[in-house]
2 protein chains.
Amino acid sequence: MDELGERKIKILDAIIRTYLETGEPVGSRTISKYTDLNLSSATIRNEMSNLEELGYIVQPHTSAGRIPSDKGYRFYVDHLLQNKDKEISDMKDFVIEHTERMENVLKQVARMLAQSTNYATMITSPKYSANKVKFIQLSQLDDNQLLAVIVMEANVVKNKMIPLEKPLDNETLLRLNVLLNSTLNGMSIPEINLATISKMKEQAGSYSDIVGVVLDAVAETISQEELEIYTSGATNIFKYPELSDSQKASELIYTLEEKQQLATLVSDSLSDESNTGIQVYIGNESPIQTMKDCSVVTATYELGEGVKGTVGIIGPKRMDYEKVMDSLKELTNQLDGIFKKPS
Amino acid sequence: MDELGERKIKILDAIIRTYLETGEPVGSRTISKYTDLNLSSATIRNEMSNLEELGYIVQPHTSAGRIPSDKGYRFYVDHLLQNKDKEISDMKDFVIEHTERMENVLKQVARMLAQSTNYATMITSPKYSANKVKFIQLSQLDDNQLLAVIVMEANVVKNKMIPLEKPLDNETLLRLNVLLNSTLNGMSIPEINLATISKMKEQAGSYSDIVGVVLDAVAETISQEELEIYTSGATNIFKYPELSDSQKASELIYTLEEKQQLATLVSDSLSDESNTGIQVYIGNESPIQTMKDCSVVTATYELGEGVKGTVGIIGPKRMDYEKVMDSLKELTNQLDGIFKKPS
DNA sequence: TATTAGCACTCCAATCAAATGAGTGCTAAC
DNA sequence: GTTAGCACTCATTTGATTGGAGTGCTAATA
């Protein structure tokens with residue numbers, strides 16, 4: 001709200017709102033008519049000229065209307081978009097079916113969000129770094145394979161097949177199971193480091209050779225954290241002419257399909273924590289090059305105890321920030337704790 | 001090779017081959033020059049006129065060259081594309097990294113295939129209907145949860161969380177495990193029907209109430225066959241102008257993203273088995289409406305014992321059928337048996 | 001009788017000019 | 001400080017023109 005002056009702000013606000021609706025450059029006459037400022041188009045023109053000099057708006061070409069610059073959008077998001085904390089009553093409720101496989105829940109969430117917003121969406125699996133081991137079991141599958149089943153605190157189950165030279169006898173298997181459970185139980189992933197492992201190898205005593213193989217496999221499985229990213233609604237971008245020419249559409253959809261690049265967004269959004277938990281990247285603010293003509297809004301959802309994931313919406317710069325941010329708030333609220341009670 | 005006559009066939013062949021390369025309607029003059037027929041353009045014109053009457057080629061508009069009709073492509077694929085069984089030496093080898101998670105292998109295959117062909121690709125997880133149960137284990141996870149781990153013949157592991165009212169004592173658990181393994185071991189999915197289950201409930205005797213819950217959960221888990229479909233290279237369609245206008249591209253990419261519709265292709269391709277295992281759908285021959293401007297080539301891969309999956313390539317009608325079919329053959333060969341030796 | 005040369009005709013695609021109109025910037029008056 | 005008025009700019013649309021590729025048909029040819 002700095003040195004802009006109230007009138008300029010009102011005009012900027014009007015310009016941006018109008019542009020968000022129409023997607024067309026907006027001219028002085030429109031503003032003069034559709035605001036309660038009672039100023040002639042000429043005056044508006046002067047102010048617009050100023051606003052342009054200050055970098056808030058931009059002319060696509062001489063003698064066209066103005067459109068917001070990245071700086072303009074930024075100002076709008078930071079200052080003009082008052083979060084009026086409106087009642088969520090009229091918000092479409094996110095009916096999340098209670099499937100047990102988290103994967104399916106996430107896919108579903110992405111799809112619903114895409115449908116209700118008409119933008120492209122992404123959601124990551126939660127990062128379980130703070131998650132603890134709850135239960136481990138080794139079973140002899142056949143003569144040369146061992147199956148390790150590991151259950152983490154939030155009922156995340158991991159499986160690992162371990163090849164063996166020769167079968168283990170029952171007693172060894174039992175001991176191993178006891179050893180694994182008693183040592184690793186309640187530990188979180190960062191705590192399971194080399195020191196822990198070598199200590200266990202010591203305790204294993206005479207078996208230490210075979211035990212080593214097993215331990216390494218188990219440790220690897222536990223600590224390997226696959227960050228899955230699910231996207232949906234990629235084709236929604238065709239609804240916005242400014243994104244739907246072959247070139248841009250292709251690049252955008254490619255990044256959504258390939259997903260790796262999206263990971264940068266995630267780490268960004270998880271670390272830099274504003275108080276609301278919602279982050280807005282406008283145009284070049286996004287770390288992803290192909291999204292320079294887009295805006296990305298991300299939010300963090302939390303299932304308690306540092307178990308966090310990211311959900312994001314990708315749309316044109318003139319996206320409906322208000323609706324999008326509300327949707328994300330609502331969604332993260334609902335998502336929070338949905339996995340707490342299993343099934 | 002019916003009543004077409006050798007010369008007509010040669011001309012048709014030339015037209016299609018030229019069109020496959022250029023993507024432009026091909027005129028009589030081009031054919032007259034680039035074939036060894038030594039016929040003037042006028043003669044070619046007459047023949048083309050005939051071919052058009054017979055429905056093999058089509059004029060986009062008067063006074064343009066001809067392009068193949070669906071019927072023309074069909075003839076080409078059925079009769080002109082002699083599978084010369086060329087040495088696969090010059091084929092780029094599919095280097096499939098040996099990750100243990102099948103999911104990742106499939107994703108990788110789809111991606112590589114898309115990259116090497118420049119078309120969109122899909123691949124399904126194998127259908128395990130004939131697969132047998134190898135190992136089952138129930139574990140008491142905590143006071144009100146049981147974990148069932150089921151391993152199938154091809155080392156496919158399934159997990160299921162079973163909610164309990166009150167914990168089971170050790171003996172019951174042991175008995176259950178024995179019962180499950182002794183009864184279900186070696187059974188394939190279709191064999192596990194209601195009769196089997198109720199018989200087991202009988203055998204369970206006094207526990208039958210609690211056993212029922214567990215059995216149902218296990219049976220459900222085993223029989224629930226999730227047909228996963230992975231796609232890749234959707235944005236490759238932008239490389240073909242005839243597919244890359246907003247409308248078509250959007251619809252196509254949407255079907256690739258949503259995937260459900262692709263399932264119809266799969267069942268089709270698994271059932272109707274030609275001797276080569278390769279199926280070609282040209283334009284409207286495809287069961288999927290949005291692909292009427294595309295051709296789809298599918299192949300079946302088999303991991304032995306009726307464990308089958310489908311892999312497919314989606315491209316413009318003027319795709320390089322020869323290369324595509326070769327690639328698929330090569331791929332299915334490599335894929336066959338890759339999961340036989342675990343890890 | 002089959003093939004070919006020649007020519008009129010069609011139609012797409014590219015090019016260009018003029019007309020349109022939304023919007024600006026500037027100046028002079030209020 | 002605000003406004004009316006006017007000249008100017010420039011993307012977009014429209015229509016007319018042209019060029020070229022290709023066909024279909026007819027008449028000549030082998």
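Chain A is the first sequence line, chain B the second, and so forth, proteins listed ahead of strands; every chain is numbered from 1.
Look at CZ on Arg7(A): it is 9 Å from P on dG1(D), rounded to the nearest Å. As rounded to whole Å, 13 Å separates atom C1' of dT3(D) from atom CG of Asn38(A). In this structure, the CD atom of Glu24(A) is 10 Å from the P atom of dT12(D), given to the nearest Å. One can place NE2 of His61(A) at 9 Å from C1' of dT12(D), the figure rounded to the nearest angstrom.
Side chain of Thr121(A) to main chain of Ala110(A): a donor-acceptor pair is present (N/O by atom type, distance under 3.5 Å, no hydrogens or angles). Side-chain N or O atoms of Ser32(B) include one that pairs as donor or acceptor with a backbone N or O of Leu39(B) at under 3.5 Å.
If you walk DNA chain C from 5' to 3' and mark each nucleotide with an atom closer than 4.0 Å to a heavy atom of chain B, the marks span dT3(C) to dC12(C).
Comparing atom distances between the Ala42(A) side chain and each of dT2(D), dA4(D), dT9(D) picks out dA4(D) as nearest.
Ring geometry for Phe75(B) against Tyr56(B) counts as perpendicular: the plane angle is over 60°, on a 0 to 90° scale with 30° as the lower cut.
OP1 or OP2 of dT3(D) lies within a sub-4.0 Å distance of a side-chain N or O belonging to Thr43(A). Within the structure, every side-chain polar atom (N or O) of Arg29(B) is placed at least 4.0 Å from both OP1 and OP2 of dG20(D).
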Practice problem: Could you go through the side chain to side chain donor-acceptor pair (under 3.5 Å) check for Asn50(B) and Glu47(B) one step at a time? | Solution: CA-CA 5 Å; Asn50(B) 294 333; Glu47(B) 290 290 39; 3.1 Å; yes
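For Ser40(A) and dT3(D), a side-chain-to-base donor-acceptor distance below 3.5 Å is absent, hydrogens and geometry of angles not being considered.
A salt bridge between Glu258(B) and Arg111(A) is present, with a side-chain N of the basic residue lying under 4.0 Å from a carboxylate O of the acidic one.
Exactly one of Ile237(B), Asn236(B), Thr235(B) qualifies for a side-chain contact (heavy atoms from CB on, under 4.5 Å) with Ser250(A). That residue is Thr235(B).
Contact annotation for Thr62(B): backbone-only contact, meaning every heavy-atom pair under 4.0 Å involves sugar-phosphate atoms and none involves a base.
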